[in-house]
2 protein chains.
Amino acid sequence: MVKRLTQRRVTREDVASLAGTSVAVVSYVINNGPRPVAEATRERVLQAIRQTGYQPNSIARALASGTSRTFGVVVPDISNSFIASLAHELLQESMRYGHVMLLGDSGDDCQREREIIQGLLNRQVDGLIYISADRHPHTDMIRRNGTPVVMLDGVEPEPGVSVLRMNERQAAREATAHLLSHGYREVGIITGPARMLNSRDRLQGWIDAMGNAGLAINPQWVVPADYTRHGGYQAALQLLAGPGYPRALFICNEQMATGSLRAFHQQGIRVPDDLAIVGFNGTDQGAYLLPSLTSVRQPIADIAATAIRLLHTWQADAGLHEIRHYLDVGESCGCPAGSPLTESGRGKYETDNY
Amino acid sequence: MVKRLTQRRVTREDVASLAGTSVAVVSYVINNGPRPVAEATRERVLQAIRQTGYQPNSIARALASGTSRTFGVVVPDISNSFIASLAHELLQESMRYGHVMLLGDSGDDCQREREIIQGLLNRQVDGLIYISADRHPHTDMIRRNGTPVVMLDGVEPEPGVSVLRMNERQAAREATAHLLSHGYREVGIITGPARMLNSRDRLQGWIDAMGNAGLAINPQWVVPADYTRHGGYQAALQLLAGPGYPRALFICNEQMATGSLRAFHQQGIRVPDDLAIVGFNGTDQGAYLLPSLTSVRQPIADIAATAIRLLHTWQADAGLHEIRHYLDVGESCGCPAGSPLTESGRGKYETDNY
DNA sequence: CTGAAAGCGCTTACAG
DNA sequence: CTGAAAGCGCTTACAG
């Protein structure tokens, strides 16, 4: 029968004395090393562990061994569905390595982000996944600490800081080019906050595509927002308030696309008939919007697997790793009939051909 | 100038020797106790901390003090937007107490959930917030460990296990009653997975309301699904496949409501004109669906604040804490014109009057 | 007000 | 193959 120990926690000492060995041997058994243990001894130890219900204290282990079996992930806002989906995959992946995850949510606050990172470093995380809320990420303290870090941002890699990212600018260019390929000439954009790196890259990609096509940019159709649904809603209303509105729109994330669809619907603007839309990033949800959202996408599970692997096989000079992206075609861009639609009205294809 | 220390980490020892004191005094300064320190000494220590860039090792602190300044949160799936929103609030709230959060995502897997909890307990979390993927939560190991735990599930509290929840059954009854109050008599339901506690409570509430109104239950209009968007989509199609379909529908979460709206749209069913809908839980997003979703809601920030507070002021006999809920009225239920709509087509009110 | 020292529960050379 | 012991970086009675 298992003993109920409410008072003191069972420690290695208890197991050792019950098994009639030293605590060192208990360690060797639990960790399968670094010294060999006779089979009979091992059995006695395992038996003692079962009898006592012993559970190793990870904190003590971390202090003694220097590895906490913990990763940290820092994000601007976990309630963003793209980030949440990514976090889900990261958690599944790190679990495969026996690691748990410390989650830091900066709430889009740059100063708080710094505190969070410091807190995670002080807790001896074995590695950090970092999506910054600002274009000046706090890599200084991480590098000084020597902790492996993979940034999922559009920054340039530095020594000691790996970067895993898609080519945001190119992807934005392709998304815009897709709209242009439908014959739309008047194309606007709803951007994210200027302080964020990916906002600027996506804006720049849109500018590139317009320039490549020899099209003029109408400043009134460059509407800044904040990556939220409400921001997208407001931006759409603002766009409609102007004298005339564009024929097509590149919206820089899924949440804003969701909000803007609501606004267009309320104002009687039909998507894609009156105004076509292509979005960026996002989740499963885009397929269920009305109309379903054509959007640039990233393979989230691959990103997570690669990020965790980079931490595990860490080399300070790992550098830059690029993620492929693809255009997930739904109804919102007004693709001609005959495009490969599934039950939920969308198909996907690589955009290499652009 | 700050010394760059790449080799060895700065420890309390370094600070102490630079300040010409003992490590104990450094502790007293950093922790503001438990012994007083002369002002001059304190200054020397603070100066030494600045000079060395010393950062306390939280792992060592946890081992010595017994408190890790870490909470754990265990959820079925962080990519669910309601859960993600809740996690966001929990993170903001725990940060106010100087705690970081270990996040465990079981991926709806009951066995994995157990491993995760064990992992968090071994890491000496100061408390646990727990949403189970199954109606048999793993409270045994938590209780044995003596770790404070707040369950956000519809379980009954036990000694050592606090429960913070809304009255799901009553809320579901009210949601259904709202549909009935519009005069609809044929009301169906799309439920969550039977293994989960809240699925059954919500189903039961719907049954209650139907019974109270003296209405017969059509088994074909009780469609089981799995709380996902795709599940809701499929369930809606299944409902439409039968001979006839109900006039109204209670859909047990927001994700499924999102999926079903897509299905109804594709099949030419107008919501709410042909079929009215009330949802359950969910996020900001419900307001941006087309039509906007009428839904039972919970005050997420309050839940988070209360949960963290319960952990902080822990008493093993804390018991049950009920969360109020309200009905957030959008367009999907077909409320008569004149209801208090905002810009995004919704209003909210308490449901105490039901 | 300050310091020497035990202790938190592990890991891991080192010696046998 | 096994054990005694130092050490990880802190906290905190205890004695001065």
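Small disclaimer: the values here were computed from a predicted structure and weren't measured. Proteins come first, then strands; the chains are lettered A, B, ... in the order of their sequence lines, and each starts at number 1.
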Task: Structure string for DNA chain C in dot-bracket form, Watson-Crick and G-U at under 3.5 Å, | interchain - done: |||.||||||||.|||

Task: For B/S81, all residues meeting side-chain contact (heavy atoms from CB on, under 4.5 Å), sequence neighbours excluded - done: B/E254, B/Q255, B/T283, B/Q285

Please report, to 0.1 Å, the donor-acceptor pairs under 3.5 Å made by any side chain of residues 156-165 of chain A, with sequence neighbours excluded.
{"from": "A/E156", "atom 1": "OE2", "to": "A/R165", "atom 2": "NH1", "distance (Å)": "3.4"}
{"from": "A/E158", "atom 1": "OE1", "to": "A/R143", "atom 2": "NH1", "distance (Å)": "2.5"}
{"from": "A/E158", "atom 1": "OE2", "to": "A/T139", "atom 2": "OG1", "distance (Å)": "2.9"}
{"from": "A/R165", "atom 1": "NH1", "to": "A/V155", "atom 2": "O", "distance (Å)": "2.5"}

Task: C1' atoms of C/dG16 and C/dT12, separation to the nearest Å - done: 16 Å

Task: First encountered from the 5' end of DNA chain C, between B/E39 and A/R69 - done: B/E39

Open item on the list: Of the options D/dT11, C/dT2, C/dG9, whose atoms approach the side-chain atoms of B/V37 most closely?
Closed with: C/dT2

- [ ] Among residues two or more places apart or on two chains, list those pairs meeting salt bridge (charged side-chain N to carboxylate O under 4.0 Å, His left out) that have a residue in residues 302-313 of chain B.
- [x] B/D302-B/R324

TODO: For A/S58, enumerate each residue passing the side-chain contact (heavy atoms from CB on, under 4.5 Å) test, keeping only those at least two apart in sequence or located in another chain.
DONE: B/N122, B/R123

Task: Nearest-angstrom distance, P atom, C/dT2 to C/dA6 - done: 23 Å

Task: Test side-chain contact (heavy atoms from CB on, under 4.5 Å) applied to B/A48 - qualifying residues, sequence neighbours left out - done: B/V15, B/L18, B/A19

Pairs under 3.5 Å (N/O, protein and nucleotides 3-6 of chain C):
{"from": "C/dG3", "atom 1": "OP2", "to": "B/S22", "atom 2": "N", "distance (Å)": "3.1"}
{"from": "C/dG3", "atom 1": "OP2", "to": "B/S22", "atom 2": "OG", "distance (Å)": "3.4"}
{"from": "C/dG3", "atom 1": "O6", "to": "B/Y28", "atom 2": "OH", "distance (Å)": "3.0"}

Task: Results of ring-ring contact (aromatic ring centres under 6.0 Å, His included) for A/Y130 - residues two or more places apart only - done: none

Open item on the list: I'd like to check the side-chain contact (heavy atoms from CB on, under 4.5 Å) partners of A/E93; sequence neighbours left out, ordered by chain and number.
Closed with: A/R96, A/Y97, A/A305, A/I308

